[in-house]
> 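Quick one: the structure is below, and I'll ask about it shortly.
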Amino acid sequence: MPTFIVLLGPPGVGKGTQARILSETNKLAHISSGDLFRENIKNQTELGKQVKAILDKGELVPDDLTISMIRDRLTKPDCVTGAILDGFPRTPAQANALETMLAEFGGEVNAVPYISAAESILVERASGRWTCKAQGHIYHEKFNPPQQAGVCDIDGSEIYQREDDKVETVSKRIRVYLDQTMPLVEHYRKAGKLIEIDGTKPVEEVTKDLLAALNK
Ligand code: AMP
């Protein structure tokens, strides 16, 4: 049976960082809906053109576009053993669509770690975040700066501040999250799949807590 893990958490909580680590340690594909959208924007695809303004404003892309992009990604060969889903689902309609899709592939959502932190911490973290252009490696100007300013430690590419990581847009994204994604926390709690993780701890401790909870 494939293993599908949905990572939930507000913008800035460190979900992307943890998803990368989990995907390496558990040998599962890492599917980040935000990365997929940004890749489409960078490559100026039809989808990229449709969603650019939405991402820049910190709003959610319509469910139909998002679901079909994820469906496409889940059919790739690296997902036969499962995947870590990072940023998807974000609405109840997406969660329902995911259940239907996974059932088609003979799987289900196995666990839903929910990483949380107070809003003041989120704004500070997300608005200080810098991302590498080549592969999306994540830095923070205060908590995790690169060794050489402006350059990714891992692949040497330029690092930049995402348009939607500017402080006004971060606050908007947090509001959108509270409005549209919080219902999913209750949905997965009721289903007995939610694992609550304290995202205020340092990255390594959050990873330890996540791995311990998932290996139970
Ligand atoms: P992220 O990198 O997860 O913070 O996502 C960046 C942006 O991509 C979000 O602010 C949305 O505009 C869009 N996005 C990512 N995932 C989804 C999703 N599941 N549903 C709708 N929009 C999304």
Side-chain angles (χ1 to χ4, degrees), residues 4-20 22-23 29-43 45 47-74 83-102 109 112-117 119 121-133 135-140 159-185 187-188 199:
F4 292 97
I5 297 169
V6 168
L7 265 191
L8 281 184
V13 83
K15 197 162 36 76
T17 302
Q18 297 297 337
R20 279 169 182 278
L22 275 189
S23 108
H30 171 205
I31 302 184
S32 157
S33 43
D35 283 353
L36 290 173
F37 284 129
R38 283 185 287 277
E39 219 174 278
N40 275 279
I41 292 171
K42 192 165 108 191
N43 297 332
T45 65
L47 176 64
K49 287 178 199 157
Q50 273 174 290
V51 304
K52 182 175 187 317
I54 302 176
L55 264 81
D56 285 349
K57 280 190 276 182
E59 290 170 3
L60 289 190
V61 173
D63 284 334
D64 55 343
L65 292 178
T66 307
I67 291 164
S68 74
M69 177 183 76
I70 294 292
R71 166 181 283 283
D72 197 48
R73 179 67 187 85
L74 281 169
I84 312 274
L85 290 151
D86 163 15
F88 180 92
R90 253 181 165 91
T91 64
Q94 292 179 15
N96 291 336
L98 178 65
E99 265 152 55
T100 312
M101 284 191 268
L102 295 187
V109 173
V112 184
Y114 165 45
I115 312 176
S116 64
E119 191 167 335
I121 295 180
L122 301 175
V123 175
E124 188 182 28
R125 285 205 191 154
S127 58
R129 177 162 68 182
W130 290 71
T131 305
C132 111
K133 273 203 169 148
Q135 295 184 63
H137 297 115
I138 297 162
Y139 297 87
H140 190 283
I159 59 172
Y160 75 109
Q161 187 175 41
R162 278 168 41 181
E163 193 55 41
D164 61 344
D165 278 343
K166 310 233 157 108
V167 80
E168 322 75 61
T169 320
V170 166
S171 307
K172 165 90 174 281
R173 285 165 57 212
I174 294 171
R175 276 200 312 281
V176 168
Y177 168 84
L178 292 173
D179 246 29
Q180 312 211 35
T181 309
M182 272 312 269
L184 295 189
V185 170
H187 170 82
Y188 287 119

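Both ligands and their constituent atoms are indexed starting at 1 by order of listing.
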> Check the surroundings of atom CD in Glu119: do more than 12 heavy atoms from other residues, nucleotides or ligands lie under 6.0 Å from it?
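Incorrect, the count does not exceed 12.
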> Evaluate the side-chain hydrogen bond (donor to acceptor under 3.5 Å, both in side chains) criterion for residues Thr169 and Asp164: first the C-alpha distance (whole Å), next the side-chain angles of each, then the deciding distance (0.1 Å), finally the verdict.
CA-CA 5 Å; Thr169 320; Asp164 61 344; over 6 Å; no
> Who are the residue neighbours of ligand 1 when the rule is a heavy atom under 4.0 Å from any of its atoms?
Ser33, Gly34, Phe37, Arg38, Leu55, Glu59, Leu60, Val61, Thr66, Gly87, Phe88, Arg90, Gln94, Arg162, Asp164, Arg173
> Can you tell me how far apart CZ (Arg71) and CG (Leu98) are? Round to the nearest 0.5 Å.
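Answer rounded to 0.5 Å: 10.5 Å.
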> Scan the side chains in residues 48-61 for donor-acceptor partners under 3.5 Å anywhere in the protein, sequence neighbours excluded, and list what turns up.
residue, atom, partner, partner atom, Å
Lys52, NZ, Asp56, OD2, 2.6
Glu59, OE2, Lys172, NZ, 3.1

> Does Arg129 have any salt bridge (Lys or Arg N to Asp or Glu O under 4.0 Å) partners at least two apart in sequence or in another chain, and if so, which?
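If we apply the salt bridge (Lys or Arg N to Asp or Glu O under 4.0 Å) test to Arg129, skipping adjacent residues, the hits are Asp165.
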> Pairs of donor and acceptor atoms involving the side chains of residues 176-185, under 3.5 Å and at least two apart or interchain, shall be tabulated with distances.
residue, atom, partner, partner atom, Å
Thr181, OG1, Arg90, O, 2.8

